[in-house]
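To start, the structure itself, in structure tokens.
Fair warning: this is a prediction, and the values are worked out from it, not measured in the lab. What's counted below: heavy atoms across the whole structure, side chains too, no hydrogens, waters or symmetry copies. Positions are given from 1 along the sequence.
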Amino acid sequence: MEIKPIYEFLVWDNCNNNCKFCFQRENPRLFNQDGRKMVLDQTIKFIDSDQFKKGSHILICGGEIFDNPKDINILYDFFTQIIDRMNDGTIDLLYLNTNLIYENIAPLFNVLDMIRDNHLFERLKFTTSYDLVGRFRDKPMPITHHLPEEVMLDNLVSVKQEYPDIHIVTNTILTKPVCQKIINGEYNIRDWMEKYHCYVNLIPYIVLDKELMATRN
């Protein structure tokens, strides 16, 4: 059985969120829109080069890719080229990570429309994140005045309703508070998955803030 490589493209560190446990916010690579377009163009150039093994998987992530509505056109052009390369066999699977903490979901829906229209949901690995501590701020968002957690969960529901064939994985970091809520029965993973129609993937906490670190017990 052939094991295909995954090429990870961390395109930029720009992100409107400020997760307490995020390593990227310590020394971020921030680009203006021209810089972001250049990065996307360079990504396509690499995929088309001899350095990329044809038929491999790719992962596109940030920072955050979809939280700036001004990027809607450059993202549309970029993912049009990605989908062309999925259709011709250059790319096998597309892994796409997004935090869903944004009030304008049009840039994401533009991309998912293209995935649907090309019948590629079986080759899309769509991942988001939900954390009980450290991810969501208490300050309301500027347009809807909803809290970031509410916006993320509303977007999660909207994605599944609009694209019922999509398979969603939600990463949850095993910080100390999360472990304690699971143990206490305050956070039931099975119930959460059934409610939001996605799979929860528990991942270890890479320690940045020791207050969030679970004990070995």
- Query: Under 4.5 Å between any side-chain heavy atoms of L174 and C179, yes or no?
  - Reply: yes

- Under 3.5 Å: donor-acceptor pair, side chain of Y196, backbone of T170: no

- Task: Any chance you could measure K4, atom NZ, to I91, atom CD1, to the nearest 0.5 Å?
- Result: 11.5 Å

- Co-members of the apolar cluster containing I72 [side chain, <4.5 Å]: none

- Measure the CG-CG distance between L112 and L120 for me, rounded to the nearest 0.5 Å. 11.5 Å

- Query: Mind checking whether Y187 and W192 have parallel, tilted or perpendicular rings, split at 30° and 60°?
  - Reply: perpendicular

- Message: Does any part of the side chain of I101, heavy atoms only, come nearer than 4.5 Å to the side chain of M141, both counted from C-beta?
- Response: yes

- Task: Report the relative orientation of the aromatic rings in F79 and F66; use parallel for angles under 30°, tilted for 30 to 60°, perpendicular for over 60°.
- Result: parallel

- In sequence, state the C-alpha distance, the side-chain angles, and the governing distance for F121 and F126, and then conclude on ring-ring contact (aromatic ring centres under 6.0 Å, His included). CA-CA 9 Å; F121 275 127; F126 185 87; 8.9 Å; no

- By side-chain hydrogen bond (donor to acceptor under 3.5 Å, both in side chains), E103 pairs with (sequence neighbours left out) T144

- Validation row: K125, L96 side chains within 4.5 angstrom (heavy atoms): no

- In short, I168 meets C198 closest at the heavy-atom pair O-CB, 3.2 Å

- Report yes if some heavy atom in the side chain of I65 is under 4.5 Å from a heavy atom in the side chain of T98; otherwise report no. no

- Over 12 non-hydrogen atoms of neighbours within 6.0 angstrom of OH in Y76: no

- Do any pairs count as a side-chain hydrogen bond (donor to acceptor under 3.5 Å, both in side chains) and have a residue in residues 147-160, sequence neighbours left out, and if so which ones? Y130-E149

- Message: Strictly below 4.0 Å, N to O, side chains only: are D41 and K37 in salt-bridge contact?
- Response: yes

- Task: Answer yes or no: is there a side-chain heavy-atom contact under 4.5 Å between T127 and Y95?
- Result: no

- Query: Are there more than 12 heavy atoms of other residues, nucleotides or ligands under 6.0 Å from atom OH of Y199?
  - Reply: no

- Are any non-hydrogen side-chain atoms of N171 and S129 less than 4.5 angstrom apart? yes

- Task: Side-chain contact test, heavy atoms from C-beta onward, threshold under 4.5 Å: evaluate it for L93 versus M86 and give yes or no.
- Result: no

- F109 and V111: same hydrophobic cluster, using ILVMFWY side-chain contacts below 4.5 Å? yes

- Task: Using only heavy-atom distances, determine whether the side chains of E64 and N14 contain a donor-acceptor pair under 3.5 Å.
- Result: no

- Modelled atom types, side-chain donor and acceptor of N184 and Q180, under 3.5 Å: yes

- Task: Indicate yes or no: at least one non-hydrogen side-chain atom of N16 is less than 4.5 angstrom from one of Y102.
- Result: no

- Note on the structure: Only residue of T90, D92, D48 satisfying side-chain hydrogen bond (donor to acceptor under 3.5 Å, both in side chains) with R85 is D48

- Message: On a heavy-atom basis, which atom in M152 and which in T128 lie closest, and how many Å separate them?
- Response: CE-OG1, 3.8 Å

